[in-house]
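Inspection log for the structure reproduced underneath, given as structure tokens.
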Amino acid sequence: MKVTLYNTLSRQKEEFIPYDKNEVKMYTCGPTVYWYQHIGNMFAYVWADIFQRTLKFADYNVKHVMGLTDVGHLVSDDDSGEDKMEKGSRREGISVWDLAKKYADQFFKDTASLNIQRPPTVCPATHYIQEQIDAVKKLEENGFTYQTSDGIYFDSSKDPTYGELAKLDIEGLCAGERVEMAEKRCKTDFALWKFSPKDEKRQMEWDSPWGVGFPGWHIECSSFCLSTLGEYVDIHTGGIDHIPVHHTNEIAQNKGITGHRVVKYWIHNNFIVKADGTKISKSEGDKMLVENFVEKGYNPLAYRYLILSAHYRKQMKFSEDLLKMAQTALERLNEKVLELKKETQEISETTHAVAWLNKIKVVLFDDFNTAQAITVFRDSLNSDLTDSEKLYIVQEVDRVFALDLGKEIQILIPENIKELAEKRLHARQNKDWAESDRLRDEIETLGYSIKDISEGYEITEKK
RNA sequence: GGCCGGUUGGCAGAGUGGCUAUGCAGAGGACUGCAAAUCCUUGUACAUCGGUUCAACUCCGGUACCGGCCUCCA
């Protein structure tokens, strides 16, 4: 079944045709591990995960690579300002190496809780210094660089197609009005290798043919991508904010190194915004972590469900109320699947079931329309399919949704609660409604809910 | 200022040139000792003004408002 996706390069939906039909190569820009990754940051990784899962669902073998920026790059894109990692290191009083480890660990913990599959290859920049030096050397050989007193720069004027991804107005940008250019020839030029300051010993610095220093930010992704996936990469994902600078520069570097286009499809996710329409800022990021919501009693997968219920190219609103709504919807959906499992253990892949599954695939493969896919999935659960056919659909769609549908959550009910519940059952059998209601209140006060069913009762943790 | 994108029922959010989105919340009913859960029923949304059309929320153009990027950023 064919997959179509929206390519930022052409600004339209295109049929997905990989370079090599047997293996899809996909690259995702990873986090900079100098600070927490809040739920807004996680949005991009949930989507990257859905993209790769969807492609696997469409029977492609997917080779997914993600970068990890653990080398300090500078606070500003125009290569000035402080170094983020060094700054973070001072803030926390630990080495940059420990800082990187701390936030990388946190990142992978959070992605795991959201059922994001860890890409088989993750490239920390500090492990790929030689590759980055080689990439800069290649650019130098091909005549795309120049040297200033503080580093080696990419000469964007050498690339006639520079800025095509973002449809940048180069004339306007290159004029260099109020922008601090230092020794750069054009505003769109950027550092490939920065020299360490003469009077300062950096915690992270390496030898290079041009002198001791460290690699620029943009060269990371190009060199990871080229060294792990080769010169022909099918898909590159990232946030829309990367279009004008980071990805624009990646494209220019790739072209300068290989002499041809490397990435075929660029996929960009939008942002989540708060209910008032504004972005989550970096400074409040530590209050908007996945684990903050887990502490408040939310299932991280409720956030995943919320994300799936909207389109990746549109802004998604986020608030605690919306998360609560998503959690309720997910719980009920899950209940429904658990009911099915009570009825049967079997999973039958019949033509009827496959036909329904194909309906889901059609919308999912049309630019990753997960919201529509969930709706069709719900329709299938309400259809005339048998329970075991429905379970087949559940099993299949959850390969992409990854919402742990039908996973029983075992909770331990304390003995005293069980005793109260038994007492209440007796009271009910004796039609002592006053005592029964009193016991129910007592159980509620202790943090549990009780509901009567035909065979007796059910206890759950109170929400 | 430049470049993008958006405006759908109480909330969130898909989608479509003519036909129910869906979810959450709400209302009514069934069931229940009462609840809970579940089931059934229910709500004539598509910013605005023009145009194209037999027919537009859906296509085209103008207007208003909102947001993003241009500065670290998913």
Side-chain angles (χ1 to χ4, degrees), chain A residues 8 11 28-32 34-35 37-48 73-78 80-82 84 87 163 166-169 171-173 177 179-180 187-188 217 237-246 248 268-283 285 305-306 308-319 321-333 335-336 339 363 366 369-379 382 427-428 431-434 436-437 440-441 444 449-454 457-460 462:
Chain A
T8 306
R11 305 285 158 117
T28 299
C29 290
T32 303
Y34 70 108
W35 187 230
Q37 299 294 308
H38 56 68
I39 53 168
N41 302 114
M42 301 316 282
F43 186 73
Y45 302 108
V46 169
W47 278 113
H73 55 256
L74 302 169
V75 172
S76 138
D77 251 353
D78 61 358
S80 59
E82 280 187 284
K84 285 177 180 173
K87 195 177 165 190
K167 302 196 187 299
L168 293 180
D169 171 16
E171 298 287 312
L173 285 170
E177 322 81 30
V179 184
E180 184 53 56
K187 185 188 187 264
T188 51
W217 176 37
T237 78
I240 49 170
D241 53 311
H242 283 323
I243 296 170
V245 179
H246 184 51
T248 288
H268 292 98
N269 59 272
N270 212 312
F271 281 58
I272 73 171
V273 293
K274 291 178 291 186
D276 64 5
T278 60
K279 247 174 25 166
I280 298 169
S281 67
K282 208 84 197 169
S283 58
Y305 182 90
L306 183 65
L308 260 63
S309 67
H311 194 97
Y312 76 93
R313 280 193 283 118
K314 274 198 173 181
Q315 277 187 354
M316 188 191 84
K317 284 193 191 150
F318 178 85
S319 68
D321 280 348
L322 291 172
L323 186 61
K324 193 175 277 172
M325 283 186 193
Q327 173 132 314
T328 305
L330 176 60
E331 278 170 0
R332 289 192 187 158
L333 188 60
E335 285 281 328
K336 212 163 209 170
E339 288 299 317
V363 294
D366 181 10
N369 194 339
T370 48
Q372 189 76 350
I374 287 177
T375 299
V376 182
F377 168 57
R378 296 188 108 102
D379 288 346
N382 294 324
R428 290 190 67 234
K431 297 202 191 299
D432 184 352
W433 309 127
S436 163
D437 289 350
R440 180 164 58 201
D441 285 346
E444 297 262 337
S449 298
I450 190 158
K451 68 176 178 181
D452 300 320
I453 53 175
S454 55
Y457 56 85
E458 239 174 58
I459 311 171
T460 51
K462 200 176 170 184

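Residue numbers start from 1 in every chain, and the chains themselves are labelled A, B, ... in the order their sequence lines are given, proteins ahead of strands. Keep in mind the model is a prediction, meaning the values are calculated, not measured.
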Pair of N/O donor and acceptor under 3.5 Å linking B/rG33 base with A/Ser436 side chain
yes
Looking only at side-chain N and O atoms, does A/Lys314 come under 4.0 Å of OP1 or OP2 in B/rA14?
yes
Describe the nucleic acid contact of A/Arg428 in one word from base, sugar-phosphate, nothing, applying a heavy-atom distance below 4.0 Å.
base
Base-pairing mate for B/rA45 - Watson-Crick or G-U, with both contacts under 3.5 Å:
none
Counting side-chain heavy atoms from CB outward, which of B/rC69, B/rA14, B/rA37 is closest to A/Gln372?
B/rA14
Between B/rA45 and B/rU7 - C1' atom distance, rounded Å:
13 Å
Which part of the nucleic acid, if any, lies within contact of A/Gln315, taking any heavy atom under 4.0 Å across all strands shown: a base, the sugar-phosphate backbone alone, or nothing?
sugar-phosphate
Per A/Arg332 side chain, nearest of listed nucleotides B/rU22, B/rU38, B/rA74:
B/rU38
Pair partner, B/rC39 [Watson-Crick or wobble, under 3.5 Å]
B/rG29
Between A/Ser309 and A/Ala371 the two heavy atoms that sit nearest each other are O-CB, 3.3 Å
Between CD1 of A/Ile243 and P of B/rU71 the distance, given in whole Å, is 15 Å
C1' atoms of B/rC46 and B/rG13, separation to the nearest Å:
12 Å
Both A/Ile450 and A/Asp241 contact RNA chain B. Taking the nearest nucleotide for each, which residue is further toward the 5' end?
A/Ile450
Compare the minimum distances between each of B/rG13, B/rC24, B/rA36 and the side chain of A/Met316, then state the nucleotide with the smallest one.
B/rG13
Which residue, A/Ala371 or A/Met42, contacts RNA chain B at a nucleotide closer to its 5' end, judged by nearest heavy atom?
A/Ala371
What interatomic distance, in whole Å, is found between P of B/rA12 and the corresponding atom of B/rA47?
15 Å
Whole-Å P distance, B/rC3 and B/rA74:
27 Å
Is any side-chain N or O of A/Asp437 under 3.5 Å from a base N or O of B/rG33, one able to act as donor and the other as acceptor?
yes
Closest approach of A/His311 to A/Trp47 (non-hydrogen atoms, all atoms of both residues)
C-CZ2, 4.3 Å
Picking from B/rC34, B/rG15, B/rG68, which would you name as closest to the side chain of A/Asp452?
B/rC34
Over how many whole Å does the gap from A/Phe43 atom CZ to B/rA74 atom P extend?
14 Å
Within this structure, what is the CG-to-C1' distance between A/Asp366 and B/rU16, rounded to whole angstrom?
13 Å
Expressed in angstrom and rounded to an integer, what is the separation of A/Glu444 atom CD from B/rA35 atom P?
14 Å
Between A/Thr248 and A/Pro244, is there a donor-acceptor pair closer than 3.5 Å when you use the side chain of the first and the backbone of the second?
yes
Using every non-hydrogen atom in the two residues, find where A/Glu444 and A/Ile450 come nearest and quote the distance to one decimal.
OE2-N, 4.2 Å
Listed nucleotide nearest any side-chain atom of A/His311, set B/rG23, B/rG15, B/rA25:
B/rG15
Does the side-chain contact (heavy atoms from CB on, under 4.5 Å) test come out yes or no for A/Val363 and A/Asp366, once each step is laid out?
CA-CA 5 Å; A/Val363 294; A/Asp366 181 10; 5.6 Å; no
Distance between the P atoms of B/rU42 and B/rU20, in whole angstroms?
12 Å
Could you tell me which nucleotide pairs with B/rG1 by Watson-Crick or G-U wobble geometry, both distances under 3.5 Å, or answer none if nothing does?
B/rC70
From the options B/rA14, B/rC73, B/rA21, select the nucleotide whose nearest atom is closest to the side chain of A/Ala310.
B/rA14
Does the structure show a Watson-Crick or G-U wobble partner for B/rC65, both distances under 3.5 Å? Name it, or say none.
B/rG6
Side-chain N or O of A/Asn270 versus OP1/OP2 of B/rA74: is the shortest distance under 4.0 Å?
no
Whole Å only: how far is the CG atom of A/Asn269 from the C1' atom of B/rG68?
13 Å
Rounded to whole Å, how long is the line connecting atom OH of A/Tyr305 with atom C1' of B/rC24?
9 Å
Taking the C1' atom in each of B/rC60 and B/rG1, what is the distance between them to the nearest angstrom?
28 Å
Candidate nucleotides B/rA74, B/rA21, B/rA12, ranked by approach to the side chain of A/Gln37 - the nearest
B/rA74
Paired with B/rC54 by Watson-Crick or G-U wobble geometry, both distances under 3.5 Å: which nucleotide is it?
B/rG18
Applying side-chain contact (heavy atoms from CB on, under 4.5 Å), run through A/Met42 and A/Ile272 and close with a yes or a no.
CA-CA 10 Å; A/Met42 301 316 282; A/Ile272 73 171; over 6 Å; no
Kindly determine whether A/Leu306 and A/Phe318 satisfy side-chain contact (heavy atoms from CB on, under 4.5 Å), including the steps that lead there.
CA-CA 9 Å; A/Leu306 183 65; A/Phe318 178 85; 3.7 Å; yes
Length of the line joining A/Ile240:CD1 and B/rC3:P, which is rounded to integer Å:
17 Å
Give the rounded distance in Å between these two atoms: CD1 of A/Ile459 and C1' of B/rA35.
16 Å
Decide yes or no, distance alone: a donor-acceptor N/O pair under 3.5 angstrom between the base of B/rC34 and the side-chain of A/Arg440.
yes
Under 4.0 angstrom between A/Lys336 side-chain N/O and B/rU38 OP1 or OP2:
no
Could you tell me if the side chain of A/Thr370 sits less than 4.5 Å from the side chain of A/Tyr312, heavy atoms only?
no
Considering every strand and a 4.0 Å limit on heavy-atom distances, what is the contact class for A/His268: base, sugar-phosphate, or nothing?
nothing
Side chains of A/Met316 and A/Asn269: does their closest heavy-atom pair fall under 4.5 Å?
no
What nucleic acid atoms does A/Lys317 come within less than 4.0 Å of, heavy atoms only: base, sugar-phosphate, or nothing?
sugar-phosphate
Counting any heavy atom closer than 4.0 Å, what does A/Leu333 reach on the DNA or RNA strands: base, sugar-phosphate only, or nothing?
nothing
Separation between the C1' atoms of B/rG10 and B/rA27, rounded to whole Å
13 Å
Who is the Watson-Crick or G-U wobble partner of B/rG23, with both distances under 3.5 Å?
B/rC11
Separation of the C1' atoms in B/rA56 and B/rC70, to the nearest angstrom:
36 Å
